[in-house]
Amino acid sequence: MTKCDVAIIGAGPYGLSATAHLRTVKGLDVHTFGEPMSFWERNMPTGMLLRSGWAASHIADPNQSLTLDAYRAGSGNHFSSPVPLDRFVDYGHWYRSQAVPNIDQRKIARVEPAADGFRLILEVGETVTVGRLVVAAGISSFAWRPPEFADLPSSLASHTSEHREFAKFAGKQVLVIGSGQSALESAALLHESGAEVEIVVRAPRIRWLGGLVSNVIHNGLGLTIAKLLYAPTDVGPAGISQVVARPDLVRRFPRPIQNWLRSRSIRPAGARWLVERLKNVPMSLGRSTARAAEVGGRVEVQLDDGSVRCVDHVLLRRV
Ligand SMILES: Cc1cc2nc3c(=O)[nH]c(=O)nc-3n(C[C@H](O)[C@H](O)[C@H](O)COP(=O)(O)OP(=O)(O)OC[C@H]3O[C@@H](n4cnc5c(N)ncnc54)[C@H](O)[C@@H]3O)c2cc1C
């Protein structure tokens with residue numbers, strides 16, 4: 001193949017969904033690149049539970065027939081919310097087999113503008129010309145390493161997404177930085193794997209999702225009011241959830257309002273079911289890391305209050 005109407009880079013949930021929708025357009029030649037569900041299979045820890053709730057975790061399809069409920073009924077797997085990672089990965093593969101049978105697993109090395117579209121240069125050297133391009137390549141290349149950890153090898157300081165298993169940290173001292181879901185859930189899994197864990201959080205408190213107010217609105221006020229205040233995507237607080245679920249509307253707001261909506265909706269937070277699992281894990285709140293250095297095969301980390309931790313490993317949040 002050297003030409004197609006639309007190419008989609010990405011075979012995770014968004015790439016699969018975009019492909020399923022575009023395939024309904026008669027006569028459109030759609031080609032999808034990527035390894036199906038690869039990020040979820042390789043970059044999330046075994047035993048993880050999805051933070052997104054049931055209604056927000058369906059992979060959208062044009063007929064609304066490839067839902068988590070349809071997968072659960074067909075597969076005979078019994079699970080509910082929070083959705084276990086292995087069930088979600090299996091759901092993604094089931095969705096692909098139903099809606100996106102042909103996926104080109106070759107990697108795109110470069111994208112260049114062309115006369116009437118784009119030129120995709122594949123890693124194997126082949127070139128494909130496309131009229132339109134959808135990029136759903138995920139977040140894996142946005143991992144951020146704070147400057148104080150820049151010189152440390154990944155054997156001493158790594159990102160949460162670099163680990164599938166935490167058993168190797170049993171008996172080790174691990175400092176986890178951050179208060180988002182991936183940091184907090186990794187801390188819980190590390191603790192349960194026998195590591196001695198401490199969490200360092202810049203904010204003065206940890207924001208737990210699904211508190212009393214949210215529960216009353218979601219479950220106690222009746223479905224109609226809950227639906228008015230929260231979009232099915234369930235991202236962001238009451239009311240704002242409905243706004244941020246409409247990207248075409250958000251784009252019309254002045255930039256400062258857009259920024260405010262984003263920061264209210266995607267600030268670091270953890271699922272409430274982690275509270276119990278983290279009750280024996282010490283947390284240093286309102287503290288940030290000032291300096292880190294390798295000392296005798298371990299990491300010495302100085303916090304901004306001058307206190308020092310000497311640990312076997314530092315786990316950094318993803319982005
Ligand atoms: C620990 C953790 C927990 C999370 N929990 C949740 C959750 O509970 N709920 C939720 O909704 N989100 C969650 N997320 C966020 C979620 O992972 C991402 O938002 C989601 O994976 C994005 O999906 P995607 O389809 O855009 O990309 P991905 O699932 O990351 O897929 C990217 C695809 O792009 C392909 N690709 C990339 N580069 C190329 C290339 N150069 N050439 C060809 N193909 C390429 C890959 O092969 C892959 O198929 C979590 C993230 C992390 C790290």
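Counting convention: from 1, in listed order, for ligands and their atoms alike. Nothing here was measured: the structure is a model prediction, and the numbers come from that model.
Distances from atom 30 (O) of ligand 1 to the heavy atoms of F88, Y14, F39 put F39 nearest. Which of G10, S17, S52, S182 comes nearest to atom 7 (C) of ligand 1 through a heavy atom is settled by distance: it is S52. Nearest to atom 51 (C) of ligand 1 by heavy-atom distance, out of M48, Q105, H163, M44, is M44. For the residues I108, I139, I103, the heavy atom positioned nearest atom 41 (N) of ligand 1 is part of I108.
Close approach to L50 involves these atoms of ligand 1, each under 4.0 Å from a residue heavy atom: 7 (C), 8 (O). Counting atoms of ligand 1 from 1 in the listed order, those under 4.0 Å from a heavy atom of E35 are 47 (O), 48 (C), 49 (O). Of all atoms in ligand 1, numbered sequentially from 1 with element shown, those under 4.0 Å from a heavy atom of S38 are 46 (C), 47 (O), 48 (C), 49 (O). Distances below 4.0 Å separate heavy atoms of K107 from the following atoms of ligand 1: 40 (C), 41 (N), 42 (N), 43 (C).
By the 4.0 Å N-to-carboxylate-O rule, E300 lies close enough to R291 to be salt-bridged with it. Electrostatic pairing of D5 and R132 does not count as a salt bridge here, judged by no charged N lying under 4.0 Å from a carboxylate O. Checked for salt-bridge contact, R309 and E198 meet the test: a charged N lies under 4.0 Å from a carboxylate O.
The only member of E35, E126, E123 that meets salt bridge (charged side-chain N to carboxylate O under 4.0 Å, His left out) when paired with R106 is E126.
Checked by distance only, ligand 1 and N43 stay at 3.5 Å or farther apart across all their nitrogen or oxygen atoms. Note: an N/O pair closer than 3.5 Å links P13 and ligand 1 by distance alone.
No side-chain donor from either of H93 and Q98 sits under 3.5 Å from a side-chain acceptor of the other. Under 3.5 Å, the side chains of N77 and Y91 contain no donor-acceptor pair of N or O atoms.
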Quiz: residues 49-58 side-chain donor-acceptor pairs under 3.5 angstrom, not counting sequence neighbours:
| residue | atom | partner | partner atom | Å |
| --- | --- | --- | --- | --- |
| R51 | NH1 | A269 | O | 3.0 |
| S52 | OG | S57 | OG | 2.8 |
| W54 | NE1 | D69 | OD1 | 3.2 |
| W54 | NE1 | D69 | OD2 | 3.3 |
| S57 | OG | S52 | O | 3.2 |
| S57 | OG | G53 | O | 2.7 |
| H58 | ND1 | L68 | N | 3.0 |

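For the ligand labelled ligand 1, residue S161 lies outside the 4.0 Å heavy-atom shell. At least one heavy atom of A136 lies less than 4.0 angstrom from ligand 1.
Ring orientation note: the planes of F88 and W40 are tilted relative to one another, at an angle of 30° to 60°.
Counting heavy atoms closer than 4.0 Å to ligand 1, residue A137 contributes atoms from both its backbone and its side chain. Contacts with ligand 1 closer than 4.0 Å are made by side-chain heavy atoms of I9 only, the backbone lying farther away.
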Derivation and outcome, salt bridge (charged side-chain N to carboxylate O under 4.0 Å, His left out), residues R119 and E112: CA-CA 5 Å; R119 212 169 13 253; E112 295 173 351; 3.3 Å; yes
